[in-house]
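Worksheet: the structure to be examined is printed underneath.
The model shown is predicted, which means the values in this text are computed figures rather than measured ones.
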Amino acid sequence: MQAEDLVEDFGRSDAWYLVYSKPRQEERAWWNLDHQGYRCFLPMARFRRRRQRRYQTVVEPMFPRYLFIRLAAGVEDWSPIRSTTGVNGLVRFGTWPARVPDGLVETIRQRIEDGHCDLAPEPLQPGERVRVLDGPFQSYEGIFRALRSEERVMILLDVAGQHTTLTVSQHQVERA
């Protein structure tokens, strides 16, 4: 693609672009841009994070420090974006703002609406095969029996021909 094509494509119509925010200020940037009349999209997802020695499910931006903004080249004034609280600026390739395909943004929107942006693992069900990730039984496979507490699980292992019940942190096992 040549420079003339970029200029022509850039000025064609409105499109999605990427805004790079300041650290942990994606929501502040979204709020401030939205209140200035810009159409913005900040996809959020659920994640499992370790906080204060415990794992919790938290809702955070899907793409840390990035949000999408819909802009029309030559129609809207883009200059206030840089000085908006929470914003570092537009993501650029050289001098041109990085344009995001409409299909990508729509796919992300659809997945969120369908409830598919839960990035926390599904809870284990009794009878599922699991693999131990670390500790003395690392790489052993067993059967998930029960959730013992908020952080511990009970699994059934076959060790040297004997069935042994083992209780470990739920984060030490994964589906086999």
Side-chain angles (χ1 to χ4, degrees), residues 1-124 133-134 147 149-153 168-175:
M1 185 177 271
Q2 295 182 336
E4 297 83 27
D5 296 332
L6 281 172
V7 171
E8 183 179 321
D9 188 43
F10 182 72
R12 193 171 293 157
S13 66
D14 63 339
W16 288 105
Y17 296 91
L18 276 175
V19 171
Y20 189 59
S21 75
K22 293 181 179 171
R24 292 179 295 284
Q25 292 192 26
E26 302 90 347
E27 292 180 63
R28 175 180 281 171
W30 174 85
W31 190 89
N32 287 318
L33 288 167
D34 184 63
H35 280 79
Q36 291 178 50
Y38 292 105
R39 184 172 162 207
C40 299
F41 174 51
L42 177 60
M44 303 292 277
R46 290 187 331 148
F47 297 92
R48 294 280 294 168
R49 297 277 189 243
R50 187 175 179 120
R51 299 233 169 114
Q52 299 173 350
R53 293 190 234 156
R54 299 180 75 183
Y55 283 88
Q56 299 174 344
T57 301
V58 295
V59 176
E60 296 178 347
M62 187 180 293
F63 308 108
R65 296 195 68 183
Y66 293 95
L67 61 138
F68 301 95
I69 187 167
R70 187 86 176 176
L71 299 169
V75 178
E76 292 182 85
D77 182 13
W78 294 19
S79 58
I81 296 171
R82 275 193 326 263
S83 60
T84 299
T85 304
V87 172
N88 252 354
L90 287 170
V91 175
R92 297 179 178 275
F93 294 126
T95 58
W96 302 103
R99 191 171 186 171
V100 179
D102 287 347
L104 175 64
V105 175
E106 293 311 313
T107 299
I108 294 169
R109 279 182 181 271
Q110 187 62 43
R111 293 199 69 165
I112 288 172
E113 288 173 9
D114 291 345
H116 294 291
C117 284
D118 184 0
L119 301 177
E122 288 291 316
L124 293 168
L133 298 174
D134 59 9
L147 188 63
S149 69
E150 191 174 312
E151 297 286 324
R152 314 280 295 162
V153 295
V168 296
S169 167
Q170 71 182 39
H171 306 289
Q172 286 182 280
V173 297
E174 70 179 1
R175 285 186 173 81

Partners of V105 by side chain to side chain contact (heavy atoms under 4.5 Å, CB included), sequence neighbours excluded?
W16, F41, F68, V100, R109

Here the gap from L133 atom CG to E174 atom CD, rounded to the nearest 0.5 Å, amounts to 4.5 Å

Can you name the closest pair of heavy atoms from V153 and S169 and give their distance?
CG2-O, 4.3 Å

To check you understand the geometry: which heavy-atom pair defines the closest contact between L42 and Y66, and what is its length?
CD1-O, 3.6 Å

Test I81 against L33 for side chain to side chain contact (heavy atoms under 4.5 Å, CB included), laying out the working first.
CA-CA 7 Å; I81 296 171; L33 288 167; 4.2 Å; yes

Taking side chain to side chain donor-acceptor pair (under 3.5 Å) as the test, write out the residues that go with N88, two or more places apart.
none

The side chain to side chain donor-acceptor pair (under 3.5 Å) partners of S79 (sequence neighbours excluded) come to D77

Restricting to non-hydrogen atoms, name the atom on V168 and the atom on V173 that form the minimum distance, rounded to 0.1 Å.
CG2-CG1, 3.8 Å

Which is it for V19 and V91 under the side chain to side chain contact (heavy atoms under 4.5 Å, CB included) test, yes or no, and what are the steps along the way?
CA-CA 6 Å; V19 171; V91 175; over 6 Å; no

First locate atom CZ of R99, then atom CG of L71, and finally report the distance between them rounded to the nearest 0.5 Å.
10.5 Å

Among residues at least two apart in sequence or on other chains, which ones pass side chain to side chain donor-acceptor pair (under 3.5 Å) with R70?
D14, D102

Begin with the C-alpha distance, continue with both residues' side-chain angles, and end with the deciding distance and a verdict on side chain to side chain contact (heavy atoms under 4.5 Å, CB included) for Q170 and L147.
CA-CA 8 Å; Q170 71 182 39; L147 188 63; 3.5 Å; yes

Tell me the side-chain hydrogen bond (donor to acceptor under 3.5 Å, both in side chains) pairs involving residues 21-45, sequence neighbours left out?
Q36-T84

Does F63 have any ring pair (Phe, Tyr, Trp, His ring centres under 6.0 Å) partners at least two apart in sequence or in another chain, and if so, which?
none

From SG (C40) to CG (L67), nearest 0.5 Å:
6.0 Å

When rounded to the nearest 0.5 angstrom, what distance separates CG in L18 from CZ in F93?
8.0 Å

